[in-house]
Amino acid sequence: MDTTASPKVTVIIPVWNGGDFIGNAIASVLAQTLGDFELIVVDDASTDNTVDVVGAIHDQDARITVLHQPERMGVSAARNRGLDMARGAFVAVLDADDVWLPQRLAIMVDVLEQHGVDLVADQQTLVEFGTGRTLGLTMRDAWMQGGADIPLSDFVLMDWPGRKDTRNIGLIKAVMRRSTIERAGVRYDETVHLGEDFLFYACLLVSGARMRFVSTPLYAYSVRTHSLSQLTTPTTGQIEVNRLLREWLCAHGRQRADYARVRMILDYREKALWLQYLLWSLQTRHFLLALRTLPRIGIDVCFLWVMDFVRRKLHLVQSDFNPAIIGKIERRMPLCRPP
C-alpha cells in the first residue's frame with residue numbers, strides 16, 4: 001500500500017469465520033466507482049478458511065490491509081482496531097456478510113462534502129442470507145426523506161422500543177468524517193454486544209456531530225430468516241445501551257440546548273424498554289421475572305399502557321408502536337413526538 005498519500009475513505013470489515021461470504025463483501029468494495037480508498041479487513045481470530053480467502057484477494061489489490069486479532073475479541077474491538085489504523089478522511093464500516101451497491105461510496109462522500117455534515121446513512125435493503133431474496137427495506141421511507149440534519153432527539157426516538165413499522169435505526173451503517181470521531185474521542189463500546197452501532201452514532205451526535213440520511217438503498221443488509229425476531233426482541237442489553245448513552249450525555253452534553261429534552265427522552269425510553277421486557281416475560285410465562293420488572297416501569301406507565309391496549313382492542317385508536325409512554329412524554333413535553 002502506498003503510505004505517502006492518505007486515501008479519501010477507509011473501509012473497515014470485521015470478520016469472524018466468514019470464509020463462505022467475506023469474498024462477496026470485499027468484491028462489493030473493490031467494485032466501487034469511487035476507488036480512492038483503503039480497505040482494512042480485521043480477522044477476529046477465525047478458525048475457518050477466512051484467512052486464506054482474504055489473503056488470496058489481498059495479494060491482488062494493494063489497497064487491502066489484513067489485520068489479525070490474537071484472540072476472538074468481538075466486532076466492536078475489531079472495528080476499533082480498524083479505526084486506530086485508519087488514514088482516510090472518511091470511515092465506512094461494512095459487515096462481512098453484507099454488500100454495497102457500486103455507487104455507494106461516491107454518493108455518500110458527495111453528501112458529506114457538499115453539506116459539511118459528519119455522518120451520512122442510507123436506506124438499506126433487507127436480504128435473506130444465502131438466497132439473496134429481498135425482504136423489504138429496513139427503515140421507514142419517511143425518515144430517509146427531506147435532506148435535513150437529524151436532531152439527536154429524533155435519532156433516539158427512531159429507536160423507540162415496540163415499533164412494528166420499521167427496524168431499529170441502529171442497523172444503519174453510516175459513512176463518517178474521521179476527524180469528528182477523533183475529536184469526540186468516541187469508540188465502539190467493547191462491552192456491548194447488541195446496539196453498539198446505535199450507541200456509537202448517538203454518542204457522536206451528543207458530541208455535536210451533524211447527521212443526514214440518503215433515501216436511496218445502497219446497502220444490502222443480510223439477515224438469517226430465523227433471526228428476524230431477534231431484531232425486535234427486547235433484551236437487557238438494550239437497556240444497558242440506554243444507560244451508557246445517558247452517562248455519555250451527562251458527561252459530554254450538558255452544554256447542549258436540548259439537554260433536558262434528550263435526558264427526559266432517554267429516561268422514558270428506559271421505561272419503555274423495561275415495559276417491552278415485561279410484556280415479553282409475560283408472553284413467555286416468566287412470571288417471576290415480570291414481577292421483578294414491574295417496579296422499574298412504574299404503576300402510572302403500566303396503567304397508561306393497559307388503557308391504551310384496551311382502546312386499541314376496541315378499535316378506538318390505531319398505533320404501530322407502544323404509545324403509552326410516548327403519550328406520557330407528550331403531556332410533559334409536547335414537542336417530544338416520535339417521527
Side-chain angles (χ1 to χ4, degrees), residues 111-112 115-121 139-140 142-163 165-166 168-172 174-177 179-189 192 195-215 238-276 297-298 300-301 304 321-339:
V111 174
L112 283 161
H115 299 283
V117 294
D118 305 290
L119 298 88
V120 174
M139 306 301 158
R140 291 181 62 181
W143 289 353
M144 315 307 287
Q145 306 294 332
D149 287 10
I150 307 300
L152 171 62
S153 55
D154 281 4
F155 183 77
V156 174
L157 286 168
M158 288 174 182
D159 203 63
W160 199 264
R163 304 191 74 142
D165 62 333
T166 184
N168 291 339
I169 197 67
L171 294 181
I172 60 174
V175 179
M176 302 163 283
R177 197 177 295 272
S179 60
T180 299
I181 298 173
E182 300 304 328
R183 184 169 58 252
V186 177
R187 286 293 187 269
Y188 289 94
D189 193 312
V192 173
E196 69 279 356
D197 291 293
F198 169 78
L199 179 61
F200 185 86
Y201 302 141
C203 286
L204 286 174
L205 293 177
V206 167
S207 300
R210 295 171 54 205
M211 183 178 197
R212 287 202 176 192
F213 288 156
V214 171
S215 60
Q238 293 171 299
I239 297 169
E240 175 66 8
V241 165
N242 196 80
R243 184 189 67 80
L244 291 169
L245 177 54
R246 188 168 53 217
E247 287 183 356
W248 184 271
L249 175 69
C250 292
H252 302 278
R254 287 186 180 273
Q255 76 285 356
R256 296 177 58 94
D258 61 351
Y259 170 80
R261 180 169 183 251
V262 176
R263 175 62 189 268
M264 176 173 284
I265 292 172
L266 289 175
D267 288 344
Y268 277 94
R269 183 175 181 270
E270 180 172 326
K271 290 178 178 288
L273 285 164
W274 279 116
L275 179 58
Q276 290 299 114
I297 304 168
D300 56 343
V301 174
L304 284 170
F321 60 94
N322 175 15
I325 299 175
I326 290 290
K328 186 173 180 63
I329 296 176
E330 288 174 346
R331 280 187 284 277
R332 294 278 299 278
M333 188 175 297
L335 293 179
C336 183
R337 175 180 293 274

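Being a predicted model, the structure only gives us computed values, none of them experimental.
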Please round to the nearest 0.5 Å and tell me the distance separating atom [atom1] of [X] and atom [atom2] of [Y].
X	Y	atom1	atom2	answer
Ile169	Met139	CD1	CE	4.5 Å
Met264	Ser153	CE	OG	13.0 Å
Cys203	Asp189	SG	CG	8.5 Å
Glu270	Gln238	CD	CD	12.5 Å
Ile150	Leu157	CD1	CG	12.0 Å
Asp118	Arg183	CG	CZ	6.5 Å

Contact check, side chains of [X] and [Y], non-hydrogen atoms, under 4.5 Å:
X	Y	result
Arg177	Leu119	no
Leu152	Arg256	yes
Trp248	Leu199	no
Arg243	Leu266	no

*Results of side-chain hydrogen bond (donor to acceptor under 3.5 Å, both in side chains) for Asp267 - residues two or more places apart only*: Arg246, Arg263
*Identify, with sequence neighbours excluded, every residue that meets side-chain contact (heavy atoms from CB on, under 4.5 Å) alongside Val111.*
His115, Val120, Val214
*asked:* According to ring pair (Phe, Tyr, Trp, His ring centres under 6.0 Å), who are the partners of Phe155, at least two apart in sequence or on a separate chain?
replied: Phe198
_Closer than 4.0 angstrom, basic N to acidic O: yes or no for Arg187 and Glu182?_
yes
_side chain to side chain contact (heavy atoms under 4.5 Å, CB included) for Arg269 and Ile239? Distances and angles first, verdict last._
CA-CA 9 Å; Arg269 183 175 181 270; Ile239 297 169; over 6 Å; no
*Not counting sequence neighbours, which residues clear salt bridge (Lys or Arg N to Asp or Glu O under 4.0 Å) with Asp197? List them please.*
Arg79, Lys173
*Is a side-chain N or O of Tyr201 found less than 3.5 angstrom from the main chain of Ala174, in a donor-acceptor match?*
yes
*asked:* Going by salt bridge (Lys or Arg N to Asp or Glu O under 4.0 Å), name the pairs with one or both residues in residues 204-215, residues two or more places apart or in two chains.
replied: Asp149-Arg210, Asp149-Arg212
*Closest non-hydrogen atom pair, Tyr188 against Met176*: OH-CE, 4.2 Å
